[in-house]
Amino acid sequence: MRIARFSIDGNVAFGAVEGDSPDDLVLDIIKGIPYADFELSGVKVPLSKVRLLPPVLPSKVVAIGRNYAEHAAELGNEVPDIPVAFLKPSTAVTGPGDPIAYPSFSSELHHEAELAVVIGRMCREVPRERVKDVIFGYTCANDVTARDVQQRENQWARAKGFDTSCPLGPWVETGLDPAAIAEGLAIQCTVNGEQRQLGRTSDMVRSVEDLIVHITEAMTLLPGDVILTGTPAGVGPLNVGDEVAVTIEGIGTLTNKVIKRD
């Protein structure tokens with residue numbers, strides 16, 4: 001099931017996305033919130049009539065660096081012995097179709113297409129055999145990075161945590177199995193229609209299960225929290241006016257445009 005969060009007539013709701021053709025998609029409005037047991041209301045609105053919002057509002061985004069060997073190599077880095085985790089604040093999150101504001105303190109902005117895992121229940125110290133139980137679903141993400149700032153500052157908080165640096169969407173796909181991710185889903189990034197990144201989730205150094213076990217050893221994850229699983233090779237520059245799109249097989253496409261920050 002595809003679960004979207006949207007705004008219509010000033011109201012915010014969740015809905016199940018139905019249909020296959022982009023022009024015919026509709027939302028069946030959900031009663032309540034999707035993390036608990038919920039019912040579909042039967043009230044349906046065309047997707048074209050609503051504004052899609054970030055599919056979740058995480059208390060935190062936990063991101064993993066250098067989880068694809070070719071990406072680590074293209075930036076002159078080794079694959080680390082243990083996962084490199086960092087945080088992006090909730091204020092970094094933005095939705096499908098929303099602008100990415102080019103930060104004033106950077107002159108080298110990069111795209112990073114990533115598979116995002118959405119947590120469905122509060123969890124801590126999750127054993128490997130229970131990982132599937134805490135996953136709500138998956139969505140597309142762009143770990144937008146001020147590369148020049150990342151290279152000159154030891155901590156990545158500013159380079160990867162600035163406002164609008166974490167586009168998510170267009171919805172959460174709840175039907176993907178971790179086995180399908182291990183077998184390999186295609187991840188693609190285009191800029192102005194030109195392909196920049198193309199990889200597969202099977203190229204991840206550490207699996208979704210590995211990452212959730214590792215992260216929850218240290219911190220409690222809450223419903224709606226997001227884990228970014230790393231990016232394939234091919235990262236590159238974004239400029240004001242560019243349209244960047246992240247497409248993940250079995251999920252959909254997240255599209256954003258880069259604007260000058262006010």
Side-chain angles (χ1 to χ4, degrees), residues 1-8 12-30 34-35 40 44-58 61 93-100 111-120 135-144 164 166-202 204 208 224 226-232 234 242-258:
M1 182 178 289
R2 293 167 292 178
I3 305 294
R5 182 171 162 269
F6 64 94
S7 172
I8 184 171
V12 175
F14 289 93
V17 182
E18 300 178 352
D20 297 315
S21 170
D23 295 331
D24 299 324
L25 296 179
V26 297
L27 289 160
D28 192 334
I29 297 175
I30 289 172
Y35 307 119
L40 298 177
K44 300 184 180 184
V45 294
L47 190 68
S48 60
K49 300 297 184 182
V50 309
R51 178 192 171 203
L52 287 179
L53 302 173
V56 290
L57 289 177
V61 176
V93 172
T94 194
D98 290 339
I100 297 167
H111 56 79
E112 294 192 7
E114 308 208 8
L115 173 72
V117 184
V118 179
I119 298 300
I135 296 174
F136 175 61
Y138 302 86
T139 192
C140 305
N142 193 343
D143 177 19
V144 184
T164 74
C166 190
L168 297 175
W171 42 63
V172 177
E173 173 57 67
T174 65
L176 289 179
D177 189 277
I181 295 168
E183 291 170 4
L185 302 176
I187 303 180
Q188 178 180 248
C189 178
T190 63
V191 178
N192 302 325
E194 176 186 349
Q195 182 176 290
R196 293 278 190 85
Q197 293 180 268
L198 182 62
R200 302 194 73 84
T201 54
S202 53
M204 287 194 294
V208 169
V226 170
I227 297 171
L228 305 187
T229 59
T231 193
D242 284 346
E243 183 176 84
V244 55
V246 175
T247 301
I248 300 180
E249 181 182 0
I251 299 176
T253 298
L254 166 69
T255 304
N256 303 88
K257 191 169 184 177
V258 182

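- T190 has its side chain out of reach of V244: every pair of non-hydrogen atoms, C-beta onward, lies at least 4.5 Å apart.
- The only option from E114, Q197, H111 that meets the side chain to side chain donor-acceptor pair (under 3.5 Å) definition with T231 turns out to be Q197.
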Evaluation steps, side chain to side chain contact (heavy atoms under 4.5 Å, CB included), between F136 and I3: CA-CA 10 Å; F136 175 61; I3 305 294; 4.1 Å; yes

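- Considering I135, I227, T201 in turn, I135 is the only one that fulfils the side chain to side chain contact (heavy atoms under 4.5 Å, CB included) rule with V208.
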Would you give me the side-chain donor-acceptor pairs under 3.5 Å for residues 167-184, sequence neighbours excluded?
residue	atom	partner	partner atom	Å
W171	NE1	I251	O	2.9
E173	OE2	M1	N	3.3
E173	OE2	G175	N	2.8
T174	OG1	M1	N	3.2
T174	OG1	M1	O	3.0
D177	OD1	A179	N	2.7
D177	OD2	K132	NZ	3.2

Per-pair distances, 0.1 Å, donor-acceptor, side chain in residues 13-28, under 3.5 Å, sequence neighbours excluded:
residue	atom	partner	partner atom	Å
E18	OE1	K44	NZ	3.0
S21	OG	D23	N	3.4
D28	OD1	G42	N	2.9

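- Counting heavy atoms from C-beta outward, P58 and V93 have side chains that approach closer than 4.5 Å.
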Side chain to side chain contact (heavy atoms under 4.5 Å, CB included) between I29 and F6, intermediate numbers included: CA-CA 10 Å; I29 297 175; F6 64 94; 3.9 Å; yes

R5/I30 under side chain to side chain contact (heavy atoms under 4.5 Å, CB included): CA gap, chis, key distance, verdict: CA-CA 10 Å; R5 182 171 162 269; I30 289 172; over 6 Å; no

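- Residues V226 and A116 come closest through the heavy atom pair CG1-CB, 3.9 Å.
- The minimum heavy-atom distance linking A245 with T253 is given by the pair CB-CG2, 4.0 Å.
- Within the model, atoms SG of C189 and CD of E194 stand 10.5 Å from one another, a figure rounded to the nearest 0.5 Å.
- Listed for the T164 side chain is no donor-acceptor partner under 3.5 Å among the backbone atoms of T94.
- In this structure D242 satisfies the side-chain hydrogen bond (donor to acceptor under 3.5 Å, both in side chains) test together with N192, sequence neighbours excluded.
- Expressed to the nearest 0.5 Å, how far CG of N142 lies from CG of L228 amounts to 9.5 Å.
- Going from atom CD1 of I187 over to atom CZ of R200 covers 9.5 Å, rounded to the nearest 0.5 Å.
- No donor-acceptor pair under 3.5 Å is formed between the side chain of D98 and the backbone N or O of N256.
- What you find for G252 and C140 is that their closest heavy atoms are O-SG, 3.4 Å.
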